[in-house]
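In what follows, a single structure is set out as structure tokens and then discussed.
The chains referred to below are lettered A, B, ... by the order of the sequence lines, with proteins before strands, and numbering in each begins at 1. Not measured: the values here are computed from a predicted model.
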Amino acid sequence: MSSTLRQLTPVAAFFLLVLATPFLLRHDYYYLSILTMAGIFAIIVLGLNLLLGFAGQISLGHGALFGIAAYTTAVLTGTYGLPLAVGAVSGVGLTALVAMLIGMPVLKLKGYYLAMATLGFGLIVYIFFNEAIGLTGGPSGFVGIPVLEVFGFVFDSDLSYFYLVWSMVAVALLTSLNLIHSKYGRALMALHISETAAQSMGINIARHKLFVFVLSSVYAGIAGVLYAHYLNFVAPSSFGFHFSVQLITMVVLGGMASLWGGIAGAVFLTVMPEFLRFYENLEVIIYGLILILCMMFLPKGLAGGVCKLLSNVRRRFGREP
Amino acid sequence: MDLASLLQFLASGLTVGSTYGLAALGFTIIFNTTGIINFAQGEFVMLGGILAVVFMHWLDPGLPAAILLAVVATTLVGLLMERLTIRPVRNASAINLIIVTIGVSITIRGLVMLFWGKDTYVLPAFSGMAPIHLLGATIIPQSLWILGIAVVVLALLKGFFSRTIFGRAMLACSFEPRAARLVGISVERMVMASFMLSAFVGAVGGVILTPLTMTSYDVGVLLGMKGFAACILGGLGNPFGAAAGGLILGILEAFGAGLVSSAYKDAIAFVVILGILLWKPSGLFGVPDTERV
Amino acid sequence: MSPDNVALHCRNLSVRFGGVMALCDVDFRVVQGTITALIGPNGAGKTTLLNVVSGLVECCSGTVGLLGQDMTRVPAWARAQAGVVRTFQNLEVFTTMSVLENVMTGAHRDVRYGVLGALFKTPRYFLEERRCRALAEEKLEFVGLFAERSLPAWELPYGRQRLLELARALAAQPQILLLDEPAAGLNTRETQALAGLIRRIRDELNITVAIVEHDMELIMRISDAVTVLHFGQVIASGAPFEIQKNPEVIAAYLGEDAR
Amino acid sequence: MITRILFFALAVMVFISAPAAKAAEPIKVGAVLSVSGPASFLGEPERNTLLLLQDKINAQGGILGRPLEMIIYDDETEVNKAVLAADRLLKRDRVVAAIGGTTSGNTLAIMPKFASARIPLVSCAAAEKIVKPVNPWVFKTPQSDRHAVIKILEHAKSQGYKNIAIITVSDGFGQAGREVLMELIPAHGMNVAADEIYGPKDTDMTPQLTKIRGLNPDAIVCWGTNPGPAVIARNRVQLAMDTPLYMSHGVASKRFIELAGDAAEGLILPAGRLAVADQLSEDHPQKAVLQAYIQEYEARFNTEVSTFGGYAYDALTLIVEAVRRAGEATPQAIRDHLEEIHGFVATGGIFELSAEDHNGLDERAFVIVRIAGGDWELVSD
């Protein structure tokens, strides 16, 4: 029980921070909208971290899964005018179904081969978004996605959407934390370290891999639905190979197998370019250099860096009375 | 479909496939010594082409000299990359190193954009643009240059890895770095050599395909991705497989575009690749890794 | 001997790796409630046989009978769930997890709550987790690792990691326990303790044990029956004192020494 | 570690630093342009043009005695960034009008934001969807693809062509062109002989052209932006095809001729008059405007002017004109007076805006040019 309490303290602190952020930013809605976007990415990254950081399975197809959910809800609510709940549930459901169908054969592959297979899947979906013009609106995008409305409350302001997205981040974080402290979490970590040992303990490896792949796709699906109804517009270019690689970067930069780190990575990589805008032509170069330096000097990501900093501080203050 | 058209598709597939194959070879060389995938491989190809154009305009030394300069310069970039970003953290985990190479690729793109802008550039063809007629199909001489040079590079690499002591030492590093160190091979030197070699191969690829396909600061992204697909398709770590994977990918795209649908040609190619991977989980010519218990 | 007290029965097993015949027409039997040893010179195919029994390697021909059922085509995880659990020669400890978590992972099949229970921490979750933790702690106590339970597994010394593997396997509550060279890398004192532990596993926990081992002294001291493999074939099986005297076995071992 | 702390300290400082107070209240006009990324060939000249005009206007005393302040954001041709940049213009900078986006996709994405904030937006993208149906707050300056297609098909008809093959790029520009072509080719009494697609980064289109060659059409229309069409032009020569090839106005820049080299000879395309300003008759109303713009642009940026910069030129001059006519710089007044601009001579053509037409151009804004001797040759005005 006390361990549960210990877990909940940082979560509560996180909640307070989220609540306070709009006031800290003095209601600067521009930064609020960037943080909303960062929150949407953080949800995907949390799921991807379960898959990559804990179970050790890579996916370069999460950008596509994110897109499937976004397009599904877009088409259902935008083209066919179905209720938002139908769009949201089908968006997440279809994403999970696709993930299951693709995961079943593909998760037998390992390492770079798995990376390639998921990349191929992502590319095929991306081409479908581009070419199924009648359905998706093609390369120029899908216009006219309705504003999100839940039980009569319309999420049309930046503030309300910010709170909505970040409460979903909190839910995703809590469930992920719960999961890694359960037998499923132990099984995932076990199969990451040694598949042989894990299966010799009675862990059905194929099923656990599929489970975490589908679970992470559900996270990506929720993010996709939130994204579509936030921008009210989707285009294929947001769901390509580049985005999938960026998601992986967020996980690794934040810290593999650290859920907090994943959120930090998503926020860092989404917010950083906003500060680099001042440098115009140098922006890309600085972005690349920061990425290189972070990975070189923070091998355990931002989370690892913060932990080290904290323990250094603690040691210093511990010694001096 | 008549024979001439089929031949034309084949010619297109082989030309494009050779460029994928050369990119894939670069991936293989670095993978073999370090076990990582170098995401900046596409940027080596881009640098080869762009630098050749730059040297042509800047120094105007004639095409062959410009090409030579570009290849040498790109090889030095490979050396610098290893020295500055890989060697200082050589004990880092594979995924961290891969993200480092992503960072390098972004930085290289940014630098090229800064110095030479976002324009598309072209090099003059090595021996004119007059097409050669062959059984109803037409091929421009540059395609033959590409095919020929790709074959020569592959043959040289094969010789290098199997005949020379240095090449064998590089292979040894990939199998058992500790054992390699014990028998007196400097793994650091081999890793450095592998980065230079793969930058060299990439630059050669970039230089020979620029007259045909043109180049700009961002061509490396797509070539890198296709090259990665090719070396996985062929079986990671096998140079012959990488080259074959490239050719197969190119041919799949050409025939997919010509016979089925040009809109879905990449999708067709990747569906086939997925099928092959499910059938052979270690690629066409890869050795399945047997897990020891 | 009637089949219902045979816990493990392999018939006519053959395994081929490429062109090499690793096992050739092997029969291997473990009687319920015994400690049965599998010995033989290096490369005789002992570990391969254990791999076939635990389902990590598929055989080309023959059958694997476990607990009265044909399990030749059953995947490894399902065999473990049915009660056949093993340890590894080259330690396969989950290094990044704590000692306790390692053992709790062993109890995986016995922890009963669903995905939703895990995601939302239902009362059931707490109940089962507490039970699982108690079970794991009990097994740690059994092997004598209780004090180290919250250390990360990689911090344990080699010999202690062997015990951890044993505790983890016991947490799975097996009916048959397969031990692959459990004494490898242990010093004499640790080996002594291990012998006692294995006996207690048989006597106190009523678990049938099949053990592959090089340490002859250990084998002769604890095992009820011995099977000898040589170049993938069974050359002898019987009680320890019979095996010690078997000329073929002596020749096989001498041959190895001569090499 | 220290660098990280410094970085965050910097970030926090940026957060806190308030915009400095200004003496003379400037008129703020925003822009969301794709200065980098795949559409940078459009966005970069657009940004340059806006900077050029801003300085010129302010040197001449500004508008209504107030200086003009251009706030330009680069969306890197990414739709997310375009939306965020639009947000920033609306919520932080509080502009009275805005220009952009560069591409049709980005414009479609940011349009609703401007409409609901009631700030006029003048787009630099071509797609018809932007102004059809008319959104009261959204305008655009480039000629529609429809007009370019009509121009091409009129020329093709005059040559007696019946079967037209099309090859279009799989991005927003190609998609828009393809839709219009598929609609207008049959409407002009011709057949679509082939409908091929290529990817924006593809480097070899011989398979598509081989397929087209097998169908033996009278002419080919290619719809794309550099470098794809240059590859197609070269592939056509490689395949020894003599089928006439039309290009879109998307390649109406000298760069295309450089890239395609000899293979560009004889290609026909619709272009704005900017490309052939020197060849226009002296009494053409656009001639003076075009020549002045070309001269100023090339003098300042030391690179060749492009048609695409003209889109931004027209957008800003239209907004400035609306402010002048209104006598005040409020979003509502600008919007209302934009709709009343008639006979306004700009680089793209002579704008005739109205409540029903938020583009104000028709096919007369295009001329047909042929590439000859490495330069444009005016075929028909």
Do A:Val271 and A:Tyr31 have side chains that get closer than 4.5 Å, going by heavy atoms?
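The answer is no, as the side chains (C-beta and beyond) never meet within the 4.5 Å cut-off.
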Which portion of D:Ile197 sits near chain A, non-hydrogen atoms under 4.5 angstrom:
side chain
What one should report as the nearest heavy-atom pair of D:Val95 and D:Gly30 is CG1-N, 3.5 Å
Under 4.5 Å heavy-atom distance to chain D, tell me which part of [X] shows up: side chain, backbone, both or neither.
{"X": "A:Tyr227", "answer": "side chain"}
{"X": "A:Ile34", "answer": "both"}
{"X": "A:Asp156", "answer": "neither"}

Suppose we screen for side chain to side chain contact (heavy atoms under 4.5 Å, CB included). Which residues come up paired with A:Met296, at least two apart in sequence or across chains?
A:Ile292, B:Thr85, B:Pro88, B:Val89, B:Val100
For D:Ala148, give me all partners under side chain to side chain contact (heavy atoms under 4.5 Å, CB included), at least two apart in sequence or on another chain.
D:Trp223, D:His249, D:Pro270, D:Phe366
Students often mix this up, so state it plainly: with edges at 30° and 60°, are the rings of D:Phe308 and D:Phe41 parallel, tilted or perpendicular?
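The arrangement is perpendicular - the two ring planes meet at more than 60°.
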Would you please classify the geometry between the A:Phe155 ring and the A:Phe153 ring as parallel, tilted or perpendicular, with 30° and 60° separating the classes?
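Perpendicular.
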If we define contacts as heavy-atom pairs under 4.5 Å, which of A:Val143, A:Asp158, A:Leu293, A:Asn232 has the most with chain D?
A:Asp158
May I ask you to list the residues in residues 100-109 of chain D that approach chain A closer than 4.5 angstrom, counting heavy atoms only, ordered by number?
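Against chain A, the residues of residues 100-109 of chain D that fall inside the cut-off (heavy atoms, under 4.5 Å) are D:Gly105, D:Leu108, D:Ala109.
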A:Phe66/A:Phe239 aromatic ring centres below 6.0 Å
yes
Sequence-distant partners of A:Glu149, salt bridge (charged side-chain N to carboxylate O under 4.0 Å, His left out), two or more places apart
none
Is there a donor-acceptor contact under 3.5 Å from the side chain of D:Glu44 to the main chain of D:Ser36?
no
Looking only at heavy atoms and a cut-off of under 4.5 Å, which of D:Val83, D:Leu84, D:Val79 has the most pairs with chain A?
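The answer is D:Leu84.
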Contact winner vs chain A - D:Pro112, D:Gly199, D:Gly172, heavy-atom pairs under 4.5 Å
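Counting heavy-atom pairs under 4.5 Å, the top option is D:Gly172.
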